[in-house]
Amino acid sequence: MGLNFIEEIVEEDNRTGKWSGRVQTRFPPEPNGYLHIGHAKSICLNAGLAKKYNGTFNVRFDDTNPAKEEQEYVDSILRDVRWLAGDVPEGRVFYASDYFDQMFEWAEALMKAGKAYVCDLTADQMREYRGTMKDPGKPSPGRDRSVDENLTLLRKMKAGEFPEGKYTVRAKIDMASGNFNLRDPVMYRIVKAEHHRTGNKWSIYPSYDWAHGLEDSLEKITHSICTLEFENHRPLYDWFLNELGIYHPQQIEFARLNLTYTVMSKRKLLELVSKKHVAGWDDPRMPTISALRRRGYPASAVRTFCEEIGVTRVDSVIDVTRLENAVRNELNRTAERRMAVLKPLKVVIENWPEGHVEQLEAVNNPEDPNAGKRTVPFGKVIYVERDDFMENPPKKFFRLSPGREVRLRWAYFVTCKEVKKDAAGNVTEVVCTYDPATRGGDAPDGRKVKATMHWVAAATAVEAEVRLVDRLFTVESPDGDDYLKNLNPKSLEVVTDAKLEPALANAPVGTVVQFERLGYFNVDADSKPGKLVFNRTVTLKDTWVKEQAKGE
Ligand code: ATP
Ligand code: MG
């Protein structure tokens, strides 16, 4: 694969010696929610560059807003980054809050140089004074305060002597700038909230725009990679760094990841959780990294997806099928096959000796010769999928029906002889005969059948709950203020009496297998001894469009 535009920049910098060959990247999340697949793109990009160019990758928590941030989010973010990017040692984990003292010193320095001031305007007034695209803004009355008065007020703000909203600290740049970010942006607000790391030490907190470039500077970041919406903040970061005369990283913007059938705004994800539209941040239907992991997505498949979609400066929406395909392709190679029946129909083999059980050989993964074989017990009573039987089949239905012969995977050919029903006319049992000559699933006389079905022997079946996880939204572009109306009412179907082959009896949490003919499934953390719970990781094929059409 060719280089992406950021790799080209890095290689050019290495050629010219701009950073003396150093590559220092970072991922700077705000701990105000769980990470999602969009963040995965940023993590893979930054960690990937550091790895490729023998550089270093930092995780830095941008914990500048105590009102919305929590330790739970810090912990989940570290778990997710480590899962995706490999080990990130403790020594490479940083917190903006550790830099608050340094930032404060720099704010004082700007004030002493006449480049920052304490402002009395309320938020509403500030908006009013900011001006419009056509008209320049009006100067705040605080703009002309003396250096001494500014410094005194700043120190009192820090000491907690004023209520929230009373003052802000602003940079003195240009109220007529065509770039609104330069119209005297706010550097500090008074916030009387306990911070998850600094407790009650601070009564003022830095704005993102003030803090962000300083954090990168302190960590000697070389390539400060962010999404396109920060492009017009760059002149402001440059201004701060130049005025302070400190180390100056290079900011590079790229297009954020958007996915079909997915909302990614943290505000909306938080709403889905808090209003209980899903069971939690790691509900397998969520686009969060913790949900993808819980659902059985391999980290390597997520990395492959991020690699395949590439890095550009053009905003686009990626088809979620590409993510699902990356997962399918990987699991097809790595997941062992097992048999499970989700909606069981009882089949009795009439000519099978009572009480007799046979252990039949089954290949674990036809795509992986090293995966070996296992045995699957077969007996007089088995379960097949209810959908694999029809009493009065239409022309193109080739599976089990009266008089029809089919193959049971790894087992025998069976022929349907009789159908038993309850008083209401529902099929309760199907009676078949088997052909002993077809053991293993081949007829020595060369006769053909048109269907191969999966099955599970009743006597040794393991019971399980299976959660048929589907897309959370029904439309391609669910985003927008009324996104909740696009929720898929069928995003989760729970099957409580699935039957599994006994090889799955003690499968540990996290195990991913292919249930033959049904899809990839993994053992969910809700499993308890004797009661397995599975999630559907992904279906075998992309059937979404077809299924949707049927439903309409
Ligand atoms: P907000 O700032 O609204 O809380 P955010 O998604 O930007 O939400 P951050 O914690 O600031 O959250 O994100 C951390 C990093 O992840 C940032 O560098 C950001 O550019 C990057 N990022 C966030 N969303 C995406 C996305 N959809 N695609 C690629 N990168 C993203
Ligand atoms: Mg952000």
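First listed ligand is number 1; within each ligand, the first listed atom is number 1. This one's a predicted model, so the numbers in the text were calculated from it and none came from an experiment.
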Heavy-atom closest contact (F5 atom, I252 atom, distance) =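 Of all heavy-atom pairs spanning F5 and I252, the closest is CE1-CG2, 3.7 Å.
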ask   = Would you say K41 has any N or O atom under 3.5 Å from an N or O of ligand 1, going by distance alone?
value =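 Looking only at distances, the answer is no, because the N/O contact criterion of under 3.5 Å is not met.
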request  = Using the side chain to side chain donor-acceptor pair (under 3.5 Å) rule, collect all pairs that involve residues 107-120, keeping only residues at least two apart or in two chains.
outcome  =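 Side chain to side chain donor-acceptor pair (under 3.5 Å) check on residues 107-120 returns E108-R155, Y117-D184, D120-R145.
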request  = Scan residues 153-175 for pairs that pass ring pair (Phe, Tyr, Trp, His ring centres under 6.0 Å), counting only residues two or more places apart or in two chains.
outcome  =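 Every ring pair (Phe, Tyr, Trp, His ring centres under 6.0 Å) pair that includes a residue of residues 153-175, provided the two are not neighbours, is F162-Y167.
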query = So, Y261 versus F473, ring centres under 6.0 angstrom or not?
reply =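 Distance test on ring centres: not under 6.0 Å, no.
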So between [options], whose heavy atom ends up nearest [atom]?
atom	options	value
atom 19 (C) of ligand 1	I225, T227, I37	T227
atom 31 (C) of ligand 1	S265, G38, C226	G38
atom 1 (P) of ligand 1	R26, K266, R60	K266

query = H36 near ligand 1, heavy-atom distance under 4.0 Å?
reply =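 Heavy atoms of H36 do come under 4.0 Å of ligand 1.
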key: Any F27 heavy atom less than 4.0 Å from ligand 1   =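 The answer is yes: ligand 1 sits under 4.0 Å from a heavy atom of F27.
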Do any N or O atoms from the side chain of [X] and from the backbone of [Y] form a donor-acceptor pair under 3.5 angstrom?
X	Y	value
N179	N232	yes
S527	V523	no
E7	N4	yes

ask   = What are the atoms of ligand 1, with element, lying closer than 4.0 Å to any heavy atom of E30?
value =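 Listed by number with element, the hits are 9 (P), 10 (O).
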ask   = L257 heavy atoms, cut-off 4.0 Å: which ligand 1 atoms fall inside?
value =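 By the 4.0 Å cutoff, the relevant atoms are 26 (C), 27 (N), 28 (N), 29 (C).
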request  = Classify the contact between N258 and ligand 1 as side chain, backbone, both or neither, using a heavy-atom distance cut-off of under 4.0 Å.
outcome  =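 Within the 4.0 Å criterion, N258 makes no contact with ligand 1.
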